Amino acid sequence: MNMNSFIVGKRVILRTLCIKDVKGPYVSWFNDEVVCRYNQHHVFAYDKSQAEEYIRKATASRNELVLAINTKRGAKHIGNIALQKIDLVSRNAMVSIVLGDKDYWGKGYAKEAMQLLLEHGFSQMNLHRIYCATTADNIAMQNLAISVGMNKEGRRREAAFKTDRYVDVIEYGLLKREYVRRNINE
């Protein structure tokens, strides 16, 4: 197992995102129109120096936990997942995920990573609520949120501008008690 392993699942390892990741495919994901078609990236070009600065800030922050998603077999970096906007008073955080390696889309890797991070957020960080938001066009993310037990909480009309038009943003959330109840029943 990699020394940087933080959370280990059946097929993925969540580990600290580090500067050496900039030498791999990481930067190219945020310059890929297809990977970024539903998120807020790909508005400006993203380069290695920006990635290094982001990683330095993220690893020093107590308001976010940014992790690389690696395959357990072969230790391939395929994406990132994060708890952001961590509010230790209200005990909530926003989860975000990007699966940059298209070869791993639709195969359950994002779901496993999300489940691992939810477990960590609720059990180790004692969060009360974890939430996410995605554009109305991003059916895959909406399905992912629902598949891990999140509830649709609302819709912000025309709250994001993407691909030359305004799009609605759909909000999802999960409370710790709902998460615990769901896992007991499974």
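The structure displayed is predicted, hence computed values, not measured ones. If you read the sequence from its start, that first residue is 1, and numbering goes on from there.
The hydrophobic cluster containing Leu118 also contains Val98, counting ILVMFWY residues as joined when their side-chain heavy atoms lie under 4.5 angstrom apart, directly or transitively. A continuous path of Ile, Leu, Val, Met, Phe, Trp and Tyr side chains, each step under 4.5 Å between heavy atoms, connects Tyr104 with Met114, placing both in one hydrophobic cluster. The hydrophobic cluster containing Val169 does not contain Met94, counting ILVMFWY residues as joined when their side-chain heavy atoms lie under 4.5 angstrom apart, directly or transitively. Note on Leu67 and Tyr131: separate hydrophobic clusters, where clusters join Ile, Leu, Val, Met, Phe, Trp and Tyr whose side-chain heavy atoms are under 4.5 Å apart, directly or indirectly.
Rounded to the nearest 0.5 Å, atoms OG (Ser147) and CD (Gln115) are 6.5 Å apart. The distance from the NE2 atom of His120 to the CG atom of Leu83 is 7.0 Å, given to the nearest 0.5 Å. How far OH of Tyr179 is from CE of Met150: 11.0 Å, rounded to the nearest 0.5 Å. With rounding to the nearest 0.5 Å, the separation of CD1 in Ile139 from CG in Leu144 is 13.0 Å. If you take CG on Leu65 and CG on Leu17, they are separated by 10.5 Å, rounding to the nearest 0.5 Å. To the nearest 0.5 angstrom, Phe6 atom CZ is 8.5 Å from Leu117 atom CG.
Minimum heavy-atom separation, Tyr26 to Ala51: CE2-CB, 3.4 Å. Contact between His77 and Ala68 at its shortest, heavy atoms only, is NE2-CB, 3.5 Å. The two atoms that bring Trp29 and Gly79 nearest to each other are CH2-N, 3.2 Å, heavy atoms only. When every heavy atom of Ile55 is checked against every heavy atom of Cys18, the shortest pair comes out as CD1-O, 3.5 Å. Minimum heavy-atom separation, Ile69 to Ala113: CD1-CB, 3.8 Å. Across Ala136 and Ile170, no two heavy atoms sit closer than the pair CA-CG1, 3.9 Å.
You'll find the ring centres of His128 and Phe122 outside the 6.0 Å limit.
A donor-acceptor contact shorter than 3.5 Å links the side chain of Gln50 to the backbone of Asp47. For Glu178 (side chain) and Leu175 (main-chain N/O), a donor-acceptor pair under 3.5 Å exists by modelled atom type. Trp105 places a side-chain N or O within 3.5 Å of a backbone atom of Leu99 that can act as its donor or acceptor partner. With hydrogens and angles ignored, the 3.5 Å screen pairs no side-chain donor or acceptor of Lys48 with any backbone N or O of Val27. Of the possible donor and acceptor atoms, one in the side chain of Thr59 sits under 3.5 Å from a partner among the backbone N and O of Arg56. A donor-acceptor distance shorter than 3.5 angstrom exists from the side chain of Ser123 to the backbone of Glu119, with no hydrogens or angles considered. A distance-only check finds a donor-acceptor pair linking the side chain of Asp101 to the backbone of Asp103 [under 3.5 Å]. Using modelled atom types, one side-chain atom of Thr71 and one backbone atom of Arg73 make a donor-acceptor pair closer than 3.5 Å.
Taking a cutoff of 4.0 Å between a charged side-chain nitrogen and a carboxylate oxygen, Arg15 and Asp21 qualify as a salt bridge. Using a 4.0 Å cut-off between a side-chain N of Lys or Arg and a carboxylate O of Asp or Glu, Arg156 and Asp168 do not qualify as a salt bridge. For Lys20 and Glu52, the salt-bridge test fails: no basic side-chain N is under 4.0 Å from an acidic carboxylate O.
Side-chain atoms of Tyr166 and Arg157, non-hydrogen and from C-beta on, never get closer than 4.5 Å to each other. Between Val22 and Tyr54 there is no side-chain heavy-atom pair separated by less than 4.5 Å.
In Arg11, the CZ atom is crowded: over 12 heavy atoms of neighbouring residues, nucleotides or ligands sit closer than 6.0 Å.
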*asked:* side chain to side chain contact (heavy atoms under 4.5 Å, CB included) for Ile78 and Asn70? Distances and angles first, verdict last.
replied: CA-CA 6 Å; Ile78 61 171; Asn70 273 33; over 6 Å; no

*CA sep, side-chain torsions, deciding dist, call: Cys132, Met141, side chain to side chain contact (heavy atoms under 4.5 Å, CB included)*: CA-CA 9 Å; Cys132 70; Met141 183 60 198; 3.8 Å; yes

_Quick one, Leu14 with Ile81, criterion side chain to side chain contact (heavy atoms under 4.5 Å, CB included). Give me CA distance, side-chain angles, the key distance, then yes/no._
CA-CA 8 Å; Leu14 305 183; Ile81 191 166; 4.0 Å; yes

_For a side chain to side chain contact (heavy atoms under 4.5 Å, CB included) check, start with the C-alpha distance between Val148 and Leu174, then their side-chain angles and the critical distance, and finish with the verdict._
CA-CA 9 Å; Val148 297; Leu174 182 63; 5.6 Å; no

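Looking at Asn126 and Lys176, their side chains do bring a donor and an acceptor atom within 3.5 Å of each other. The closest side-chain donor-acceptor pair between Thr135 and Asp137, if any, does not fall under 3.5 angstrom. The closest side-chain donor-acceptor pair between Gln84 and Asn63, if any, does not fall under 3.5 angstrom.
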